[in-house]
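Here the structure is laid out as structure tokens; the discussion comes afterwards.
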Amino acid sequence: MPTRRTVLAATAGVTAALTLGTDAQAADADAEADDRRLRALVARMTLEEKVGQLFVMRVYGHSATAPDQADIDANLLELGVRTAAELLAKYRVGGIIYFSWAHNTRDPHQIADLSNGIQRASLGLPRGLPVLVSTDQEHGIVARVGRPATLLPGAMALGAGGSGADAREAGRIGGAELRAIGVRQDYAPVADVNVNPANPVIGVRSFGADPKAVSALVAAQVKGYQGAGVAATAKHFPGHGDTAVDSHYGFPVIEHTREQWTALDAPPFRAAIRAGIDSIMTAHIMVPALDPAGDPATLSRPILTGILRGELGYDGVVVTDSLTMQGVREKYGDDQVPVLALRAGADQLLNPPSIDVAWNAVLSAVRAGRLTEARLDESVLRVLRLKAKLGLFERPYVSDADVDRVVGTGRHLDAADRIAERTTTLLVNEGSLLPLSRRTHRNVLVVGADPASPSGTTGPPTAVLAAELTSLGFTTTRLSTGTAPTQALIDQAVAAAAGKDAVVVATYNVTAAGTQRTLVARLLATGVPVVAVAVRNPYDVAQLPEVKACLASYSWTDVEVRAAARVLAGRVAPRGKLPVPVQQADDPARELYPIGHGLTYAP
């Protein structure tokens with residue numbers, strides 16, 4: 001016979017199951033009630049208000065109401081208004097995107113104040129709605145919010161680390177800090193599978209070249225960001241990883257067959273959808289196998305509605321990539337693009353060149369019957385559902401206390417350093433040159449490329465490398481030689497190498513005919529040991545066959561460069577593995593290093 005304990009346990013299990021069922025039913029009822037309220041809200045909106053909700057717009061200035069005069073002038077020139085508050089009043093835009101170049105992101109407290117000012121301006125309007133503030137905070141080489149916020153390794157670095165836990169933690173930290181400053185939608189993670197080493201626009205912004213590995217890390221980042229209360233955005237659908245054209249400046253064509261797309265490009269987006277992704281960004285690319293009409297995916301109904309919504313079953317927000325980009329403007333005028341994007345299935349129209357032209361074009365299209373108001377209602381409802389999910393109707397404002405408690409904390413900064421250390425990849429180490437010993441290689445010359453630092457990092461990379469090596473007990477001399485060193489700078493670097501124990505050279509997208517390669521060759525000829533640190537693309541190693549040691553950091557942000565320095569010094573062992581293959585420079589059909597290649601130090 002069953003004991004009293006087992007009977008009680010069984011009864012408790014049944015009660016718990018019934019309670020869970022009741023809770024689930026109550027949650028469903030609450031969700032239905034919330035959706036009814038949102039539908040009623042849409043029904044009360046004017047046509048002009050509905051059109052406005054579909055736009056996400058840039059605006060210059062650090063303040064919603066009192067920007068600097070130069071920013072007022074820029075707003076008048078480009079937007080026809082003076083401030084963010086005037087933009088909201090005139091066009092009732094549903095979203096605003098922050099850029100560093102628009103002077104929106106000086107420091108965390110200023111950003112929080114700007115976010116609050118935007119919300120006050122919008123909510124103070126008749127039937128005012130909260131604003132969905134967004135930005136591109138991918139980390140790595142694309143970041144709009146800099147120090148003292150935490151800057152984390154970018155996607156390809158995380159791909160080299162290969163840790164879903166690290167990718168999720170990076171998303172959680174990044175998401176928590178964005179939410180604390182009032183940003184609720186992040187245009188990350190990049191879900192493109194970078195199979196083209198010549199890709200000028202994606203590259204290290206991708207997790208790698210293996211669709212399965214990319215899918216796992218995309219899903220992890222989605223859960224990290226959204227677990228922190230920020231809408232993640234998988235981009236750029238249907239896949240921007242195999243192009244040699246930058247869609248900012250041209251119109252890329254992806255020649256993948258339907259079968260190749262299904263196997264290579266689609267899996268990360270499927271994974272994002274399974275992970276509950278809140279928004280997906282379109283790509284301004286042509287994929288003839290998916291739509292032979294010759295339109296960019298952003299304007300393609302077969303791609304956005306037929307494939308993304310129909311085949312992949314996605315019913316969240318679809319946001320266009322920036323409508324200022326050439327890839328979407330190549331074929332149609334700026335007045336047609338927003339209308340065609342909505343007809344294709346997009347919900348949010350991101351940053352058109354002229355808000356006046358785009359806003360009036362959508363309004364006119366509805367009034368003329370080229371676009372139905374019911375179609376607008378679908379997108380407005382999706383946008384409002386996302387705002388409700390993010391808590392913007394109940395908690396639109398942020399506080400200075402939250403900024404101090406969350407942004408750039410010691411715990412977050414330490415986590416970023418530890419994650420970065422697990423991504424640095426040792427590609428070559430002939431004769432066990434690395435790690436550098438302070439006994440035999442104390443006097444180090446640091447030279448090389450110093451590209452403009454990503455937003456808010458101290459940089460330049462040669463300075464960061466030299467400072468970190470100095471802190472680790474080395475004596476360093478630094479010389480910046482740039483991405484295209486002149487003969488005079490090369491001669492200066494060779495002269496500076498005399499008497500040194502080692503040379504560390506930072507490389508940035510080395511080409512066969514470029515003078516970075518000449519610099520390395522001249523330094524090697526001195527006989528001083530030379531170590532290359534590829535601070536962007538790991539493909540640099542293929543152009544440097546004589547180098548005895550080479551590391552890949554995947555970005556020139558401080559966190560990744562400092563981690564590379566600690567690996568150089570042996571403070572930590574390299575653990576990263578290539579997430580992309582590296583082809584031979586003289587024979588791209590042959591692999592020099594496969595996916596998964598990565599050396600470490602003997603214990």
Side-chain angles (χ1 to χ4, degrees), residues 420-421 424-451 453 458-483 485 489-490 492-510 515-538 540-541 543-574 576 599 601:
E421 288 173 355
T424 307
T425 307
L426 179 59
L427 301 173
V428 179
N429 193 23
E430 294 181 17
S432 297
L433 174 57
L434 297 179
L436 296 176
S437 167
R438 285 177 296 172
R439 293 190 304 274
T440 57
H441 298 93
R442 177 179 291 274
N443 199 354
V444 178
L445 171 66
V446 179
V447 302
D450 275 330
S453 292
T458 55
T462 59
V464 176
L465 273 171
E468 190 73 9
L469 288 171
T470 298
S471 74
L472 295 170
F474 292 84
T475 301
T476 61
T477 304
R478 170 186 167 247
L479 174 64
S480 177
T481 51
T483 56
L489 277 172
I490 292 172
Q492 190 177 346
V494 169
K500 298 297 189 291
D501 299 319
V503 177
V504 174
V505 56
T507 67
Y508 180 95
N509 295 1
V510 181
T515 53
Q516 287 186 75
R517 191 175 184 184
T518 306
L519 169 69
V520 174
R522 290 283 307 280
L523 289 169
L524 284 166
T526 67
V528 178
V530 176
V531 180
V533 180
V535 297
R536 183 167 179 162
N537 290 330
D540 284 4
V541 68
Q543 300 291 345
L544 307 170
E546 303 302 320
V547 167
K548 298 297 187 288
C550 183
L551 287 174
S553 70
Y554 305 100
S555 174
W556 62 105
T557 53
D558 296 359
V559 67
E560 288 160 295
V561 172
R562 288 197 312 266
R566 291 193 292 275
V567 169
L568 287 172
R571 186 59 58 92
V572 294
L599 308 174
Y601 300 147

Could you pull out the closest heavy-atom pair between A466 and R478, with the gap in Å? CB-CB, 4.2 Å
Nearest 0.5 Å, what's the OG1-CZ distance between T475 and R438? 10.5 Å
Using the rule side chain to side chain contact (heavy atoms under 4.5 Å, CB included), only one of T476, L551, V444 pairs with V504; which is it? V444
Going from CG on D558 to OG1 on T458, what distance comes out if it is rounded to the nearest 0.5 angstrom? 3.0 Å
Is any side-chain heavy atom of H441 less than 4.5 Å from a side-chain heavy atom of L433? yes
T462 side, atom OG1; L479 side, atom CG - distance, nearest 0.5 Å: 8.0 Å
What are the two closest non-hydrogen atoms of S553 and V535, and how far apart are they? OG-CA, 3.3 Å
Among N537, T483, D540, exactly one meets side chain to side chain donor-acceptor pair (under 3.5 Å) together with N509. Which residue is that? N537
With a 4.5 Å limit on heavy-atom distance, are the side chains of L472 and L568 in contact? no
With a 4.5 Å heavy-atom cut-off, do Y601 and V567 have their side chains touching? yes
Within a strict 4.5 Å, meaning less than it, do heavy atoms of the P451 and P461 side chains meet? yes
Flag side-chain contact, heavy atom, 4.5 Å: D501 against T440: no
Taken to the nearest 0.5 Å, the spacing of L523 CG from E546 CD works out to 13.5 Å
Where do R517 and P545 come nearest, in terms of heavy atoms and distance? NH2-CD, 4.3 Å
Minimum heavy-atom separation for S555 to E560, with atom names? CB-OE1, 2.8 Å
Okay, side chain of R571, backbone of A565: is any donor-acceptor separation there less than 3.5 Å? no
Nearest-0.5 Å distance, OH of residue Y554 to OG1 of residue T425: 2.5 Å
Looking only at non-hydrogen atoms, find the nearest pair between A493 and L519 and report the distance. CB-CD1, 3.8 Å
Could you report the tightest heavy-atom contact between A449 and Y508, atom names first, then the distance? CB-CB, 3.6 Å
To the nearest 0.5 angstrom, please state how far the CZ atom of R562 sits from the OG1 atom of T424. 11.5 Å
Check the pair L426 / L434 against side-chain contact (heavy atoms from CB on, under 4.5 Å), numbers first and verdict last. CA-CA 9 Å; L426 179 59; L434 297 179; 3.8 Å; yes
